[in-house]
Amino acid sequence: MSADKDPRLAMLVESIVRLSKGELSSRIEPSSARDEVDAVITGVNLLAEELQQVYEQFEKRVESRTAMLRQAHLDMMKMAMSDALTGLANRVALMDGIEEALGQAGDDAAPPALLLLDLDSFKNVNDRFGHDAGDRVLQEVARRLNSVVRESDLVARLGGDEFAILLPAATLDIALQVARRAVEALGQQIRLDSVDIHCRASIGVRIGTANQSAEELLLDADTAMYAAKREGRNIIKLFQPVMLYSRQLRSQMAAELREAIGSDELVLHYQPVVELETSRILGVEVLVRWQHPVRGLIQPDTFIPLAEEIGVIHDLDRWVMSTSLRQLARWKQELGLDDDFQLRVNLSAVELKQLDLVDHVRALLRELELPPKSLVIEITETAIVTRGEVEMYSLLSLQQLGVGIEIDDFGTGYSSISYLRELPVSMVKVDRSLLVELNTRPGQLEFVAAILRLISAAGLEAVFEGIETREQADQLRAMGCNSGQGYFFCRPMPADETAALLAGTRHLRMNEGFSGIGDTEDTEITPAR
Ligand code: C2E
Ligand code: CA
Ligand code: CA
C-alpha cells in the first residue's frame with residue numbers, strides 16, 4: 001500500500017487541522033492494521049489528549065484568577081465606600097445614597113430625610129481615656145445607631161465623631177421619630193472597662209426638597225446640627241432657612257475675628273482685685289473686649305468661644321498676655337507700682353497644651369524685667385479637670401518659674417478640694433454664681449463659708465469674684481475671705497482709667513453710698529449673632 005493512497009493519512013491531516021483550530025476533543029480511530037501509520041495516529045491522539053488536559057487546567061486557572069480579581073475589586077469598592085473603624089458607610093457612600101434617593105423622589109414618592117449627628121463631648125473621652133477608648137466608643141455608637149434604623153436606611157460615619165442617617169423616603173414624622181430613637185439609644189451610658197461614659201449627640205434634621213443637590217442637603221442638615229449644638233447639646237433641630245443666615249453671619253464674624261487679633265480692634269480692660277479688709281488694690285484682672293467697627297463693643301463671652309472653635313484662641317491669648325504684661329511694665333515705671341502688684345491673665349485650656357507656653361512666659365517676663373510673681377494665670381476649673389501630661393507639665397513649670405496659678409470659676413465644675421490639693425495651684429477664684437443667692441437662698445451662706453474653710457484647709461488662697469454689694473463684701477470678710485473683685489468695688493475699665501485709679505493711693509475709698517467705679521458702657525452686651 002503506497003503512502004499517498006492510504007486514506008488514514010488524509011484523516012490524519014484533517015485531524016491535525018481540527019486540532020490546530022482548537023477542537024481539542026477531536027480523535028482518530030486507529031485501524032485494525034496496527035502498522036506504523038496507526039502508531040502515528042495513536043501518538044497524535046495522545047498528544048491531543050494531553051493538549052486538551054493542559055488547556056482545560058489553564059482555563060480553570062484563568063477562571064479562578066478572574067474570580068479572585070473580581071472579589072478584590074468588590075472589596076476595594078467596599079473599602080472605598082465604608083469606614084474602616086466602624087464598618088459603616090463613609091462620606092462617599094452617603095453622598096451616593098443621597099443622590100440616588102433624591103433621584104427617586106418624585107411627585108408620588110416621599111423625599112429622603114437626612115439626620116446629621118455630632119457627639120457632644122467626644123473630645124473629652126479621647127483626652128481623658130485615650131484614643132483606644134475613643135475608638136471603642138465610636139464603634140458602640142455605630143452599633144446603636146444601626147439598631148434604631150431599618151434595613152433600607154443608611155447609617156454613615158463622616159469622620160471624627162460625626163455620623164449621618166439617611167432615610168431614603170421619609171416623612172417629617174418618621175425622621176423625627178428616628179432622631180428621638182437615636183437620642184434615646186445614645187443616652188444610655190457606654191461601659192468602658194470600669195468607667196461609664198455618656199456620649200450624647202446633637203442632631204440636625206433636613207427633609208430633602210425637589211431640585212436639591214446632595215451637597216445642599218448635607219449642608220442644610222449640618223447647619224441644623226450646628227444650631228442644635230449651639231442651643232445646648234443633646235438636642236434635635238429641624239433645618240430652617242434662617243439658620244443659614246446666622247451661620248453665614250457667624251462665619252463672617254469668624255473671619256473678622258481672625259483679622260481683629262493683633263489689630264487695635266481688640267482692647268483690654270482691667271478690673272481691680274481688692275483686699276477686703278483694707279480696700280487696697282492688690283492687682284488687676286485683664287479682660288479682653290472687641291471693639292467692632294460695626295457691631296460696637298462685643299463681650300468676651302461671645303467671641304472667646306468662637307475663637308476657641310476656629311482655632312485662633314492661641315493667638316488671642318498670647319496677644320493678651322504680651323500686651324497686658326507690657327502695660328504692667330509701663331505702669332510700674334510710670335506709677336511706681338510695687339512688686340506685689342499682680343496682673344491676672346485668663347488662659348484658655350488649649351494654651352496649657354502648648355509646649356512652648358512656659359518659654360514664652362519666661363522670655364516675656366525677662367524682656368520686661370518683671371518678677372514672675374507679678375503674673376497670675378487664671379485657668380477655669382473645667383480646663384484643668386482633664387489633667388493631661390502636657391497640661392501638668394505646663395502648670396508645674398509655670399509654678400516653678402514663680403508665676404501664680406489660679407483655678408477660675410471654682411464651684412462650676414467637678415473638682416473636689418482634695419483634688420485641688422494635688423494640683424500645682426496657689427489660688428482659687430470662687431465663681432460668682434455662688435454669691436448670687438448668698439442672702440436669699442437658705443443655707444447658701446453656710447455653704448459658702450464651708451467652701452472657704454475647705455479652700456484654706458487645702459493651703460490655698462480664696463478670691464471671690466462678682467461681689468456686687470457692700471453686704472456681700474462684709475459677709476465674705478467676716479467669713480475670713482481675704483480678697484475679691486466685683487462691680488461693688490470697680491467695673492472693668494480701659495487702661496487709661498485704670499492708670500488714673502492706680503496713680504492714687506491704691507486704696508479704694510469705700511464710703512457710704514459708694515456704688516463702684518468704672519465705665520458703665522462695659523456692661524452693655526452687644527448681640528453679635
Ligand atoms: P471670668 O474670667 O470669670 O471673668 C470675670 C467676668 O465677670 C468678667 O466678664 C467680668 O466683667 C465679670 N464681672 C466682674 N465683676 C462682676 C460683678 O460684680 N458681677 C457680675 N455679674 N459680673 C462681674 P467678662 O469680661 O465678660 O469676661 C467673661 C469671660 O471671658 C471671663 O470670665 C473669661 O473666662 C473670658 N475672658 C476674658 N478675657 C479673656 C482672655 O484674654 N482670654 C481668655 N482665654 N478668656 C478671657
Ligand atoms: Ca478670670
Ligand atoms: Ca471667673
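Numbers here simply count residues along the sequence, with the first being 1. Whatever order the structure lists ligands and atoms in, that order sets their numbers, starting from 1.
- Evaluated by nearest non-hydrogen atom to atom 28 (C) of ligand 1, the leading choice among I467, V345, D301, T302 is D301.
- Interface of V320 with ligand 1, defined as ligand atoms under 4.0 Å from a residue heavy atom, comprises 41 (O).
- Atoms of ligand 1 lying under 4.0 Å from at least one heavy atom of P492, given by number and element, are 11 (O).
- Residue contacts with ligand 1, taken as heavy atom pairs separated by less than 4.0 Å, involve D408 solely via side-chain atoms from C-beta onward.
- By the 4.0 Å N-to-carboxylate-O rule, R136 lies close enough to D193 to be salt-bridged with it.
- In this structure, R247 forms a cation-pi arrangement with Y226, its terminal cationic atom sitting closer than 6.0 Å to the ring centre and no more than 45° off the ring axis.
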TODO: Take E256 and Q252, measure what side-chain hydrogen bond (donor to acceptor under 3.5 Å, both in side chains) needs, and give me the verdict at the end.
DONE: CA-CA 6 Å; E256 290 169 351; Q252 185 190 340; 3.1 Å; yes
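- Residue-ligand proximity, G486 to ligand 1, at heavy-atom distances under 4.0 Å covers atoms 15 (N), 18 (O).
- Looking only at distances, a side-chain donor or acceptor of Q139 sits under 3.5 Å from a matching main-chain atom of L85.
- E285 contributes atom OE2 as its closest N/O/S atom to the Ca ion (ligand 2).
- When heavy-atom distances to ligand 1 are checked against a 4.0 Å cut-off, V288 comes that close through both its backbone and its side chain.
- Within ligand 1, counting atoms from 1 as listed, the ones closer than 4.0 Å to a heavy atom of Q271 are 14 (C), 15 (N).
- Here the shortest heavy-atom distance to atom 37 (C) of ligand 1, taken over G466, A307, P300, belongs to P300.
- Atoms of ligand 1 lying under 4.0 Å from any heavy atom of Q299, numbered from 1 in the order shown and given with element: 26 (O).
- Near R289, with a cut-off below 4.0 Å to any heavy atom, the atoms of ligand 1 are 11 (O), 24 (P), 25 (O).
- Listed by number with element, the atoms of ligand 1 under 4.0 angstrom from any heavy atom of D317 are 40 (C), 42 (N), 43 (C), 44 (N).
- Inspection of the E265 and Q291 side chains reveals no N or O donor paired with an N or O acceptor under 3.5 Å.
- Salt-bridge formation is not detected for the pair D409/R432: no Lys NZ or Arg NE/NH1/NH2 atom is positioned less than 4.0 Å from an Asp or Glu carboxylate oxygen.
- Remark: among candidates R432, K429, E465, the nearest residue to atom 12 (C) of ligand 1 is R432, based on non-hydrogen atoms.
- At a cut-off of 3.5 Å, with distance as the only test, no side-chain donor of S374 or D339 sits close to an acceptor on the other residue.
- Within the 4.0 Å heavy-atom shell around ligand 1 one does not find R491.
- Looking only at N/O/S atoms, D408 comes nearest to the Ca ion (ligand 2) through OD2.
- Although no hydrogens or angles enter the test, the distance criterion places a donor-acceptor pair under 3.5 Å between the side chain of R157 and the main chain of G160.
- Nearest to atom 21 (N) of ligand 1 by heavy atom, out of Q485, E468, E351, is E468.
- Salt bridge D120/R200: absent, no basic N to carboxylate O contact under 4.0 Å.
- In E309, the CD atom is crowded: over 12 heavy atoms of neighbouring residues, nucleotides or ligands sit closer than 6.0 Å.
- Of all non-hydrogen atoms in E465 and D431, the two that sit nearest each other are OE2-OD1, 3.3 Å.
- Per-residue contacts place E285 under 4.0 angstrom from the following atoms of ligand 1 (heavy atoms of the residue considered): 2 (O), 4 (O).
- Side-chain contact of E277 with N482: a donor-acceptor pair under 3.5 Å is absent, judged by distance alone.
- Taking the N/O/S atoms of E378 in turn, the shortest distance to the Ca ion (ligand 2) belongs to OE1.
- At least one N/O/S atom of N346, from backbone or side chain, sits under 3.0 Å from the Ca ion (ligand 2).
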